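Single-structure report; data block below.
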Amino acid sequence: GAGVSQSPSNKVTEKGKDVELRCDPISGHTALYWYRQSLGQGLEFLIYFQGNSAPDKSGLPSDRFSAERTGGSVSTLTIQRTQQEDSAVYLCASSLLAGGVTDTQYFGPGTRLTVL
Amino acid sequence: AQSVTQLGSHVSVSEGALVLLRCNYSSSVPPYLFWYVQYPNQGLQLLLKYTSAATLVKGINGFEAEFKKSETSFHLTKPSAHMSDAAEYFCAVSYNAGNMLTFGGGTRLMVKP
């Protein structure tokens, strides 16, 4: 079956612009995660959604970052007023059930964001 | 706070040689541990995971890892490296019901012919 897909694969933007990154999880997966991979910070957790529960936003680096998940499926990560330090690869992952600490997270290929 | 340390950001081995990638975690409670591999321009793929069922865990592509509580380690090994093993490897830990992963800094494995 189809894996996790993300779009766009690459995004170049100018400092101060807003960007939206999209994630389509594996069908039927109730948990969705966003991570960021950057040279300076490595792989960091950003936010996680589980079903209809309120998302865990504890990893978001600033209030310029937000995310939503519509209909329990597709998720959009929005970065407002982008800064150069936001340049990174943004990875999305989904798993069948959160709450199961042994659940495997399946990762998408990522969106490479470059802020000029 | 939980943390994961991977010793050696770059490891180089010859084809056919033993692969050993080191991972240590800090924890006051039993963790769940994972190894992921990332090939160039691709997402992360799970190699194996420790879920407390057995301390020696076998994964895909001939990799295995052993959980050693006394050493707080979860090192990844493979008896004989292949050229196709060249990639970046990440150790990760999860403690909570949300299963958010905390990753180590990664180790880039290079395999020489």
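Numbered from 1 within each chain, the chains take letters A, B, ... in sequence-line order. Everything quoted here is computed from the prediction, not taken from an experiment.
With rounding to the nearest 0.5 angstrom, the CD atom of B:Gln45 is 11.0 Å from the OG1 atom of A:Thr104.
Put simply, A:Val19 and A:Tyr90 are part of the same group of oily side chains (I, L, V, M, F, W, Y) that touch within less than 4.5 Å, one to the next. A single hydrophobic cluster is not seen to contain both B:Leu33 and B:Leu56; linkage of ILVMFWY side chains at heavy-atom distances under 4.5 Å, directly or through other members, places them apart. If you chain together hydrophobic residues whose side chains sit under 4.5 Å apart, A:Tyr106 and A:Tyr33 never meet in one group. Both B:Tyr39 and B:Trp35 sit in one connected hydrophobic cluster of ILVMFWY residues. Membership requires side-chain heavy atoms under 4.5 Å apart, directly or through other members.
Both the backbone and the side chain of A:Leu43 have a heavy atom closer than 4.5 Å to some heavy atom of chain B. Only the side chain of B:Leu46 comes within contact range of chain A, with heavy atoms under 4.5 Å apart. Looking at A:Gln37, only its side chain comes within 4.5 Å of chain B, counting heavy atoms on both sides.
Other residues, nucleotides and ligands contribute only 12 or fewer heavy atoms inside 6.0 Å of the CG atom of A:Leu39.
Closest heavy-atom contact between B:Met100 and A:Phe45: CG-CE1, 3.1 Å.
A:Tyr35 places a side-chain N or O within donor-acceptor distance of the main-chain N or O of B:Leu101, the cut-off being under 3.5 Å.
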